[in-house]
Protein chains: 2
Amino acid sequence: MTDVNSAQTPALAPSAGHATPPGTGEAGDGLVDLIELFFFAYRDFVGDPDQILAPLGFGRAHHRVLHFVNRNPGMRVTDLLDILRITKQSLGRVLRELVDEGFVDSRAGASDRRQRLLYPTEKGEALAREFIAIQSRRIAGALAECGPGAREDARRFLMAMIDREDRASVERLIQRAERNRRTR
Amino acid sequence: MTDVNSAQTPALAPSAGHATPPGTGEAGDGLVDLIELFFFAYRDFVGDPDQILAPLGFGRAHHRVLHFVNRNPGMRVTDLLDILRITKQSLGRVLRELVDEGFVDSRAGASDRRQRLLYPTEKGEALAREFIAIQSRRIAGALAECGPGAREDARRFLMAMIDREDRASVERLIQRAERNRRTR
DNA sequence: GAAAAAAGTCAACATGACTGACGTAAATTC
DNA sequence: GAATTTACGTCAGTCATGTTGACTTTTTTC
């Protein structure tokens, strides 16, 4: 199960010997290697929190919700829907479980009392920190292997992979969360 | 729906003014921005094929299966299970649909007739090329924005994000597929 | 006071995962 | 040559997470 290709060389596809290794960037060799690496990398990346989630009876949806609530305390339900791009019915169930089990607090807005503003509880914050810790560990390891400048390289690449029209709001989202984190 | 944070500044979290922008790499600022960027980038990246999948009545699972079959013609069902890390019951339905609708061919192995070796049909190859094209376009655009060296930087970073014990087999998988592609 | 917005809820359904059990054919082992 | 293992498929049931559509309540806005 750990080996991704225990396969013998496929019967067809003659597999001629020596060839230029992929990733050397010569023209016409395509970007399929990056497509696949992105797939495998993300799979392991989102797999990390599963260890923490399983004993709690939570799934990845809970992780995502708690993460963004924790990063943006006081956010509205609508904001969360826009970020996650799911329906409110989908969010509803997950959010209710997080509230019921005391990870998220949902208070009516002070200025606009229709709104439910979402806050992590202490328990929620602690859990969110666990998620961040385990995923940061992986990223930190990867960056360390890549040498100096890798952090900024990765940042730029990932940002450039996002739909152009969403980049500004993602940037704002991250920056505001970062500000709030610092001023606690 | 396009704006990720139409939110007013959250009611709580006083949002003190000026702060160092994230990503400048000073100690202790965490890697949460990269966590989030990875999330958004992957979301848009896997969203691309949806436009192609929807009219066919296929889902993302079909994309993944067809992609790897196309890249590794003649692969066994077991190999596919190892790559995708799903159960054979899960794979079964998706694969059957792909075979039924003429995107994948499943022939008994010549040397070992228990095996079902999987090949893309012409139709399957064409579809797989569409997926690759749309995802490559996004990646190529991102790399172009990042300047020279970005391709190799991204490659190294993504590889380093993969579980250490799986890297060798992922590398082999990519290299063998690349070889086969060149020698057609 | 009417309209619009924010949120919640009920119901039904789709997709893609899962476990567990069982069957069959072919290859491998003893 | 019989027993075991392997590769694959399938039936049946479940779960997590997403979807649409309709409807309600509360509150704000015009």
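These numbers come from the heavy atoms of this one structure, side chains and all, not from hydrogens, waters or symmetry mates. Order of the sequence lines sets the chain letters (A, B, ...), proteins ahead of strands, with each chain counted from 1.
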| request: Grab the CZ-C1' distance between A:R60 and C:dC18 for me, whole Å please. | output: 13 Å
| query | D:dT20, D:dG9, C:dA6: which one has an atom nearest the side-chain heavy atoms of A:Q115? | reply | C:dA6
| remark: B:R116 CZ to D:dT6 C1', in whole Å, measures 14 Å
| Can you check whether A:H62 has a side-chain N or O nearer than 4.0 Å to OP1 or OP2 of D:dT17? | yes
| said: So, does A:R64 get its side chain near the phosphate of D:dG18, meaning an N or O under 4.0 Å from OP1 or OP2? | reply: yes
| query | Nearest-Å distance, CG (A:L81) to C1' (D:dG18)? | reply | 13 Å
| query | Does B:T87 place a side-chain N or O at less than 4.0 Å from the phosphate oxygens OP1/OP2 of C:dC18? | reply | yes
| request: Take the protein atom CG of A:L66 and the nucleotide atom P of D:dT17, then report the distance between them rounded to whole Å. | output: 14 Å
| task | Look at A:D153 together with A:R151 and state whether they make a salt bridge at an N to O cut-off of under 4.0 Å. | result | no
| field | DNA chain C: 5'-proximal contact among B:A61 and A:L118 (nearest heavy atom) | value | A:L118
| field | Check: A:T121 side chain, A:G102 main-chain N or O, donor-acceptor pair, under 3.5 Å | value | yes
| Between D:dG18, D:dC11, C:dA17, which one does the side chain of A:I86 approach most closely? | D:dG18
| request: May I have the distance from A:H63 (atom NE2) to D:dA16 (atom C1'), rounded to whole angstrom? | output: 16 Å
| task | State whether the side chain of A:N70 and the backbone N or O of A:H67 hold a donor-acceptor pair below 3.5 Å, judged by distance alone. | result | no
| query | Which part of the nucleic acid, if any, lies within contact of A:G92, taking any heavy atom under 4.0 Å across all strands shown: a base, the sugar-phosphate backbone alone, or nothing? | reply | nothing
| task | Determine, for B:K123 against B:E101, whether the closest basic-nitrogen to carboxylate-oxygen distance falls under 4.0 angstrom. | result | no
| task | Please report, rounded to the nearest Å, how far the P atom of D:dT20 is from the CG atom of A:L91. | result | 15 Å
| hbond_proxy B:Q89 side chain to D:dG13 base (donor-acceptor, 3.5 Å cutoff) | no
| query | Does the side chain of A:L81 come within less than 4.5 Å of A:T87's, by heavy atoms? | reply | no
| Would you call B:R138 and A:D163 a salt bridge, taking side-chain N to carboxylate O under 4.0 Å as the test? | yes
| field | Distance, rounded to the nearest Å, where B:L53 contributes CG and C:dA14 contributes P | value | 18 Å
| Presence of B:S90 side-chain N/O under 4.0 Å of C:dG16 phosphate oxygens OP1/OP2 | no
| Could you write nucleotides 23-30 of chain C as a row of B, S and -, 5' to 3', where a protein heavy atom under 4.0 Å of any base atom gives B, of only sugar-phosphate atoms gives S, and otherwise -? | ---BS---
| task | Would you please indicate if the ring centroids of B:F39 and A:F68 are separated by under 6.0 Å? | result | yes
| Is any side-chain N of the basic residue among A:E125 and A:R71 closer than 4.0 Å to the acidic one's carboxylate O? | no
| request: Rounded to the nearest angstrom, tell me the gap between atom CG in B:L95 and atom P in D:dG9. | output: 7 Å
| said: Tell me if the side-chain of A:R93 makes a donor-acceptor pair with the base of D:dG18, cut-off 3.5 Å, by modelled atom types. | reply: yes
